[in-house]
Amino acid sequence: MRIDLHAHSSVSDGTDGPAELVHHARAAGLDVVALTDHDAFDGWPAATRAAAEAGVVVVPGVEISTRLSGAGVHVLAYLPDPGYPPLADELARVRGNRMARLTEMAVLLTKAGLPIDVDDVLAVAGQASSLGRPHVADAMVAKGYVADRSEAFATWLAEGGPAYVPKYAPLTVDAVRLIGDAGGVAVLAHPWGRGSRRVLDADTIRLLAGRGLAGIEVDHEDHDRYARGALREIAAALDLVVTGSSDYHGTGKTGHALGVNTTARGEYERLLDLARRAATTAGREPPRLGVV
Ligand code: AMP
Ligand code: FE
Ligand code: FE
Ligand code: ZN
């Protein structure tokens, strides 16, 4: 069974529509794919509808932007109730700030000699409900300022870059609690990828595990084999679920093809079991998997 638990659609910064993503997952030989757009649930209906048609199980998820000691930490939430008001409200706040920050980035770029405005960004962002730096990058490509997203990040948009603007995000512990209260399961996304490695040492991961964190995404392209080995040991010591995923973004990010990393069947089943228990404890109706 081939299981990929982290993929983005055009609802955030991926380039495939949610249904198209599910069909691509089948073409890549996957049996299970999780849709985990940044800070938005809007792709769930189309993706779960496409599941039966494509012959792929779709796990509804979301990748939540959080903050820990001044660094950005991404937390994957699987099967939370999207209608749980505290979670829905918090994500709406994050998306609202994402939108407001586009203006600030446009001003910085314009002052630096690359005239751009928010409408240029919205024009390339299509139907996205979670807007971010990748969309600004796409607008810069459209204007001929840079060749691709990578160059836009390397030269302008990366943390510390001349057009970098931070965004609002909840504290990591608060997001983990909200996910549990919504009947979902929280997994740290690419903990030792750029940005979050500095703040997510073994002690901090233990602390988060004590506050409800259920798993760690160990097999991810941002982790070399030494990082994977060390993270696997941390997960084993804390009895955390170990996942592996592509973090697919369509053509928006190279080196993240669907299925490039996968999750073991036993770990996936543990995750589903934890989600069922979380939903029962929280008294929430769990969202349905998009089934074959
Ligand atoms: P934001 O959420 O707006 O702060 O933007 C962060 C997103 O940009 C991440 O989810 C990544 O997928 C994407 N990203 C970061 N670096 C790059 C890069 N070099 N090329 C393409 N996408 C990137
Ligand atoms: Fe992304
Ligand atoms: Fe991420
Ligand atoms: Zn991601």
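Read the numbers this way: they start at 1 and go in the same order the structure lists the ligands and their atoms. Because only heavy atoms are used, hydrogens play no part in the values below, and waters and symmetry mates are left out as well, while side chains stay in. Computed from a predicted model, the values in this text were never measured in an experiment.
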* Asked: Is any side-chain N of the basic residue among Arg101 and Glu104 closer than 4.0 Å to the acidic one's carboxylate O?
  -> no
* To do: Using the side-chain hydrogen bond (donor to acceptor under 3.5 Å, both in side chains) rule, take His249 and Asp13 through it: C-alpha gap first, then chi angles, then the decisive distance, then the call.
  => CA-CA 7 Å; His249 281 70; Asp13 56 352; 3.2 Å; yes
* Metal check, the Zn ion (ligand 4) vs His38 N/O/S, cut-off below 2.8 Å -> no
* Of all N/O/S atoms in His74, the name of the one nearest the Fe ion (ligand 3) -> ND1
* Asked: Parallel, tilted or perpendicular: which describes the rings of His220 and His223, with under 30° parallel and over 60° perpendicular?
  -> tilted
* Asked: Under 2.8 Å from the Fe ion (ligand 2), is there an N/O/S atom belonging to His38?
  -> yes
* **Candidate pair Arg232 and Asp219, rule salt bridge (charged side-chain N to carboxylate O under 4.0 Å, His left out), full reasoning** => CA-CA 9 Å; Arg232 222 177 282 284; Asp219 291 305; 2.9 Å; yes
* Asked: In terms of side-chain geometry, is the basic nitrogen of Arg228 or Glu221 positioned less than 4.0 Å from the acidic oxygen of its partner?
  -> yes
* With a cut-off of 2.8 Å, does any N, O or S atom of Asp13 fall short of it relative to the Fe ion (ligand 2)? -> yes
* Point-to-point distance, once rounded to the nearest 0.5 Å, from CG of Leu76 to CG of Asp247 -> 8.0 Å
* Asked: Asp247: which N/O/S atom is nearest the Zn ion (ligand 4)?
  -> OD1
* Asked: Does atom NZ of Lys143 have more than 12 heavy-atom neighbours, drawn from other residues, nucleotides or ligands, at distances under 6.0 Å?
  -> yes
* What atom name does the N, O or S atom of Glu63 nearest to the Fe ion (ligand 3) carry? -> OE2
* Of all N/O/S atoms in Glu63, which lies nearest to the Zn ion (ligand 4)? -> OE1
* With respect to the Fe ion (ligand 2), what is the nearest N, O or S atom of His249? -> NE2
* Asked: Any N/O/S atom, backbone or side chain, of His8 lying under 2.8 Å from the Zn ion (ligand 4)?
  -> yes
